[in-house]
> 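Below you'll find the structure I mean.
We name chains A, B, ... by the order of the sequence lines, and we start the count at 1 in each one. If you're wondering where the values come from, they're calculated on a predicted model, not measured in any experiment.
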Protein chains: 2
Amino acid sequence: MSNVTLKDIAEILGVSVTTVSKALKDYKDVKKETREAVRLLAEKLNYKPNPLALNLRNKESKTIGVIIPRIDHNFYSNVLNGIIEEAESRGYLVIILFSGDSAKLEKEQVELLKDKRVDGVLVAVATEAKEVDHLKELMRNNIPLVLFDKVVEDLKCSKVSIDDEKAAFDAVTYLIDSGCGHIAHLRGPLPTETYTNRYLGYKKAVEAAEIQFDPSLVYVSEELSFEDGYDLAKKVMSEHPEVDAIFAMTDLVAMGCLAFCKDEGIKVPEQVSIMGFSNWFMSRNSSPKLSTVDQPITLLGKEATSILINEIKEKKEDSRSLYRSVKLPTKVIARETTR
Amino acid sequence: MSNVTLKDIAEILGVSVTTVSKALKDYKDVKKETREAVRLLAEKLNYKPNPLALNLRNKESKTIGVIIPRIDHNFYSNVLNGIIEEAESRGYLVIILFSGDSAKLEKEQVELLKDKRVDGVLVAVATEAKEVDHLKELMRNNIPLVLFDKVVEDLKCSKVSIDDEKAAFDAVTYLIDSGCGHIAHLRGPLPTETYTNRYLGYKKAVEAAEIQFDPSLVYVSEELSFEDGYDLAKKVMSEHPEVDAIFAMTDLVAMGCLAFCKDEGIKVPEQVSIMGFSNWFMSRNSSPKLSTVDQPITLLGKEATSILINEIKEKKEDSRSLYRSVKLPTKVIARETTR
DNA sequence: TTGTAAGCGTTATCAC
DNA sequence: GTGATAACGCTTACAA
């Protein structure tokens, strides 16, 4: 059986609880033999300190909370991978809650975590979350907070995200360098910063190459779905037959484009290059294999967690440092849908 | 600010902590006015009981632990969806740990959860886990345990899984009913029960239709990858040109088969029907759209969690009931790769 | 070198 | 009606 307490050990050995506690923590003021005896018995009884008691005494839970919009999405499950690994290796447990991309639910989850006394919180803010009062409230309560993925600029806390603008810039520059001059861009819904940044990168790359920027080459996919990609590719090709490259803001949409081209007998990449975004594992399984942009997703989770835990430690030592803002670099993966 | 305690309220009101506690819990033996006053102030100060203290007192953590092989896999992230939702709605938080399909790591994670005093544990056992001593140890410690997905038969605890055998039986029967008589089966690696059950379902369906069972029509995919599907389809068609249907144990492999057929100009489903398994979201995005078997994955998570929490409650009341063993039913989704 | 006592926040028990 | 006390398991001044 388990659940051995200090008291149990103390009673068996006929010493006080204090002594047992000290012996186990290598206090110098306990006699060698006593210490040995205690350790031996503790080992034998498989003593493990009760974290519930420690939590209460130390006013910490050794737990961090994570709020993400959803989990059935490759991006977030990979981030979680990094978060959980990093947290575990540093002695923290992770509690996961979903916001379902609803500002209201996000607020409730923050509340729940606060009430549960987690030591710190990691949030990928909901798409529709404009208000950040609940996050400010967290900080007012002196609970370390780190934002990741979707980031709110005017909130004074650490942030970790992908450098979407540069990623898109690099991807489009790659297309241009490979000889494409009429590049269409399929972007995501407007209010989302991620997609706006990718769009901005596209625009800058085009302009940097001294190609006239043509707004009519930018299309919006609302659903970010395979079907959207298929339909939009059709639209692009009929409205702009001169197009020789499509840069889609996510792989699934790019694969829709690819399917359309195959169905229409449009040669990829000879006639039209296709560049995706995310390096989703399925992108390796298309034929031709999709070129895309790789994001260090797991690293994103690790990094955010590492910063958060550092802030938790700093808080305990009253040595608060400046908030960090990290943008992780990406890499263009040229496979077979680009020249 | 937060972190208001009973003591704070008591001091302000000039009553004892006991009275405050009672007032807040609707004890009948506290005067109406006192109760009102306490509640009002508690509300105003936004008092929230400190769960760390409650945990210690009640010897429970209101937390359940989950061990899964990995998270970057559609199946497990969907299960987690169900687990977290159900747990949250019943007042429990969820801690997630990975086994990486390693028996050794799984053992360590179980240990960690035990030390952390979670109230119950949910495990999808690692593929290579043959030994279950660590799980037995949990039960010896009287910590409720529910197994899900991969299940170990000779362990006395509740289990929730998909009825793989019946699912495969139904899928293959569908193929037979649609006129296929030479059905190849692509199964997963041998020691895994899931794949063996699907294989058994395939075999039974064939035999039930009085078709001579031919072991050479069964192929093993070690990697469960798209490429495996592609290569295996090639092998099947060259070794058994008479084959008019392929039943693959997972959608990704089925999509590999489909890609091979397309490349070779084999008409699907006219010449060869293809049936996948899992109803992975991408299966809707192939052309033709993949027929498959839908599994109630999120429900699996919900169900396992519900049973676990019930057992936790029963344990508190010393009213242990029998272990439940649930097999969730599946559904054949006939799309365009079957007749 | 060892032990006593207080405290973390809560609640159940028993006096008053 | 109300409150003092003990207890959950652990740590740490402070005494002895």
Side-chain angles (χ1 to χ4, degrees), chain A residues 1-39 41-42 45-63 91 114-119 141 316, chain B residues 1-39 41-42 45-63 91 114-119 141-142 316-317:
Chain A
M1 283 301 135
S2 189
N3 292 358
V4 184
T5 69
L6 290 182
K7 199 172 157 199
D8 296 332
I9 298 182
E11 277 170 3
I12 297 179
L13 255 35
V15 296
S16 76
V17 172
T18 309
T19 306
V20 176
S21 173
K22 284 176 175 168
L24 256 15
K25 309 198 79 196
D26 258 342
Y27 271 53
K28 356 99 231 300
D29 64 351
V30 40
K31 192 167 48 173
K32 206 171 193 170
E33 295 126 51
T34 319
R35 191 177 3 163
E36 304 277 84
V38 169
R39 315 210 108 182
L41 187 59
L45 297 181
N46 192 25
Y47 167 79
K48 294 281 167 56
N50 183 333
L52 273 34
L54 286 183
N55 291 344
L56 178 58
R57 169 153 246 282
N58 303 333
K59 293 168 171 290
E60 63 175 6
S61 60
K62 282 286 180 183
T63 297
K114 185 158 67 90
D115 294 346
K116 281 287 180 176
R117 309 292 208 271
V118 294
D119 295 340
N141 277 274
K316 282 214 298 197
Chain B
M1 280 305 132
S2 189
N3 292 359
V4 184
T5 69
L6 290 182
K7 199 174 157 199
D8 296 332
I9 299 182
E11 277 170 3
I12 297 178
L13 256 35
V15 296
S16 77
V17 173
T18 310
T19 306
V20 176
S21 173
K22 282 177 177 167
L24 257 15
K25 310 199 82 198
D26 258 342
Y27 270 54
K28 1 81 237 305
D29 62 352
V30 43
K31 193 168 45 171
K32 207 172 194 171
E33 296 127 49
T34 320
R35 188 170 9 149
E36 304 277 86
V38 168
R39 314 210 109 182
L41 187 59
L45 296 181
N46 191 26
Y47 167 79
K48 294 282 167 53
N50 183 333
L52 273 35
L54 287 182
N55 291 345
L56 178 59
R57 172 153 243 285
N58 302 333
K59 291 166 173 294
E60 65 177 3
S61 60
K62 282 287 180 182
T63 296
K114 184 158 66 89
D115 295 346
K116 282 285 178 178
R117 311 291 208 269
V118 294
D119 295 340
N141 276 274
N142 207 21
K316 282 213 299 197
E317 299 158 0

> Roughly how many Å is it from CD in A:E11 to P in D:dC10, rounded to a whole number?
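Those two atoms, CD and P, are 12 Å apart.
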> Atom CZ of B:R35 to atom C1' of D:dT2: distance rounded to whole Å?
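The answer, rounded to whole Å, is 14 Å.
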> Do we see a donor-acceptor contact under 3.5 Å between the side chains of B:T19 and B:S16?
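A donor-acceptor contact under 3.5 Å links the two side chains.
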> Atom CD1 of A:I9 and atom P of D:dT11: how far apart are they, to the nearest Å?
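Interatomic distance, CD1 of A:I9 to P of D:dT11: 11 Å.
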> Using a 4.5 Å cut-off on heavy atoms from C-beta on, say whether the side chain of B:D29 contacts that of B:K22.
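Contact flag for B:K22/B:D29 side chains = yes.
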> 5'-most contact on DNA chain D: B:T34 or A:D29, nearest heavy atom basis?
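The answer here is B:T34.
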> B:K116 has an atom NZ; how far is it from atom P of D:dG9, in whole Å?
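Computing the B:K116:NZ to D:dG9:P distance gives 17 Å.
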> Should the pair B:K316-B:E60 be classified as a salt bridge under the 4.0 Å nitrogen-to-oxygen rule?
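Answer for the salt bridge query: yes.
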> Going by an N to O cut-off under 4.0 Å, is there a salt bridge joining B:D119 and B:K62?
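Looking at B:K62 together with B:D119, the answer is no, because their closest N to O distance does not fall below 4.0 Å.
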> Whether the side chain of B:R117 engages the backbone of B:D115 through a donor-acceptor N/O pair (distance < 3.5 Å, no angle test) should be reported.
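It does hold such a pair.
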> What string of B, S and - do you get for nucleotides 4-11 of chain C, 5' to 3', when a contact is any protein heavy atom under 4.0 Å?
BB-BBBBB
> If you round to the nearest 0.5 Å, how far is NZ of A:K28 from CZ of A:R35?
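It comes to 10.5 Å.
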